[in-house]
**Student:** 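This is the structure I have questions about; it appears just below.
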Amino acid sequence: MNLNDEENRSLINLANEARRYAYAPYSNYQVGAALRTKSGRIFTGVNVESAAYPTTICAERVAIYKAVSEGEREFDVIAVVTENGGSPCGSCRQVMAEFGLKTRVLIADGRGNLLKEMTVAELLPEAFTPEKMNK
Ligand code: THU
């Protein structure tokens with residue numbers, strides 16, 4: 001295992017451990033995310049549901065918003081863990097794209113198995129990004 005593999009593994013473990021804090025009484029689908037910034041900081045996130053369903057927020061966005069709210073905008077990799085290895089929703093893909101198409105995305109299951117690795121560009125082809133706002 002090279003350093004990158006070890007770093008990926010530890011990020012997946014952090015995302016998986018974070019799942020215990022998921023607040024998902026309605027779906028019972030616990031999601032954990034762990035985001036590593038280019039500066040090396042790590043932010044975790046979990047899904048937080050609400051009785052008013054649409055106000056639920058996903059784990060990936062919680063991790064990204066925590067990072068942005070602490071001054072971090074450049075991301076290296078985000079690990080997303082669900083029991084069955086589900087992939088990020090469209091809204092989360094869009095928010096990931098806002099901060100860079102090159103960010104790597106690791107998708108893992110509840111046993112910590114890395115199922116897929118890709119970039120945000122691959123996850124959201126033809127993304128609408130901040131650059132597209134330039135007239
Ligand atoms: N969820 C996430 O946290 N991330 C995703 O990318 C997919 C969906 C959450 C939202 C909701 O709490 C539950 O999973 C079921 O949709």
Side-chain angles (χ1 to χ4, degrees):
M1 214 160 58
N2 62 35
L3 190 60
N4 211 32
D5 286 339
E6 274 173 38
E7 286 172 350
N8 289 349
R9 167 86 11 242
S10 103
L11 207 64
I12 287 167
N13 288 343
L14 285 172
N16 204 8
E17 284 165 15
R19 287 173 70 225
R20 80 181 64 171
Y21 301 121
Y23 179 71
Y26 306 104
S27 71
N28 202 31
Y29 190 71
Q30 290 82 10
V31 187
L35 173 71
R36 191 172 64 232
T37 67
K38 284 196 176 156
S39 63
R41 293 174 72 189
I42 290 172
F43 296 86
T44 59
V46 298
N47 53 330
V48 182
E49 298 186 344
S50 165
Y53 292 176
T55 59
T56 289
I57 186 156
C58 295
E60 299 92 317
R61 276 177 285 158
V62 170
I64 292 169
Y65 294 158
K66 280 169 72 177
V68 172
S69 70
E70 293 194 24
E72 300 285 350
R73 296 180 184 176
E74 295 190 2
F75 308 140
D76 178 17
V77 51
I78 183 166
V80 184
V81 179
T82 58
E83 194 54 39
N84 63 354
S87 54
C89 81
S91 298
C92 291
R93 293 175 196 211
Q94 185 65 44
V95 171
M96 289 176 193
E98 179 72 22
F99 296 99
L101 296 175
K102 289 182 183 160
T103 302
R104 286 181 300 121
V105 182
L106 310 176
I107 297 173
D109 68 19
R111 294 156 106 187
N113 297 311
L114 174 60
L115 304 179
K116 287 179 192 162
E117 175 171 1
M118 66 204 74
T119 62
V120 171
E122 290 166 330
L123 197 57
L124 188 64
E126 300 296 328
F128 184 74
T129 56
E131 298 72 48
K132 302 255 163 62
M133 299 283 284
N134 297 330
K135 294 187 189 102

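All ligand and atom numbering here is 1-based and tracks the order in the structure. The residues of the chain are indexed from 1 along the displayed sequence. For the numbers below, each heavy atom of this structure counts, side chains included, while hydrogens, waters and symmetry mates do not.
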**Student:** Heavy-atom distance from atom 4 (N) of ligand 1 to the protein below 4.0 Å?
**Tutor:** yes
**Student:** Examine C92 against ligand 1 and note whether any of their N/O atoms are separated by less than 3.5 Å.
**Tutor:** no
**Student:** Is it true that a side-chain atom of E49 and a backbone atom of S27 form a donor plus acceptor pair closer than 3.5 Å?
**Tutor:** yes
**Student:** In ligand 1, which numbered atoms sit nearer than 4.0 Å to a non-hydrogen atom of S27?
**Tutor:** 13 (C), 15 (C)
**Student:** Considering heavy atoms of the protein only, find what lies nearest to atom 12 (O) of ligand 1 and give residue, atom and distance to 0.1 Å.
**Tutor:** E49 OE2, 2.5 Å
**Student:** Which ligand 1 atoms does P88 reach within 4.0 Å, using its non-hydrogen atoms?
**Tutor:** 6 (O)
**Student:** For E6 and N8, test the side chains for any donor-to-acceptor distance below 3.5 angstrom and give the result as yes or no.
**Tutor:** no
**Student:** Between E60, Q30, R93, which one has a non-hydrogen atom sitting closest to atom 6 (O) of ligand 1?
**Tutor:** E60
**Student:** Nearest 0.5 Å, please: how far is CD in Q30 from CD in E83?
**Tutor:** 8.0 Å
**Student:** State the CG-OG1 distance between N16 and T82, to the nearest 0.5 angstrom.
**Tutor:** 9.5 Å
**Student:** Nearest 0.5 Å please: distance from the NZ atom of K38 over to the CG atom of D76.
**Tutor:** 7.5 Å
**Student:** Give me the one residue out of V105, V120, L123 that meets side chain to side chain contact (heavy atoms under 4.5 Å, CB included) with R93.
**Tutor:** L123
**Student:** Just to confirm my output: which protein heavy-atom neighbour is closest to atom 1 (N) of ligand 1, and how far is it?
**Tutor:** C58 SG, 3.5 Å
**Student:** Considering non-hydrogen atoms of the protein only, which is the closest contact for atom 9 (C) of ligand 1, and what is the distance?
**Tutor:** N47 ND2, 3.6 Å
**Student:** Of all heavy-atom pairs between A67 and L35, which one has the smallest distance, and what is that distance?
**Tutor:** CB-CD2, 3.7 Å
**Student:** C89 versus ligand 1: do any nitrogen or oxygen atoms come within less than 3.5 Å of each other?
**Tutor:** yes
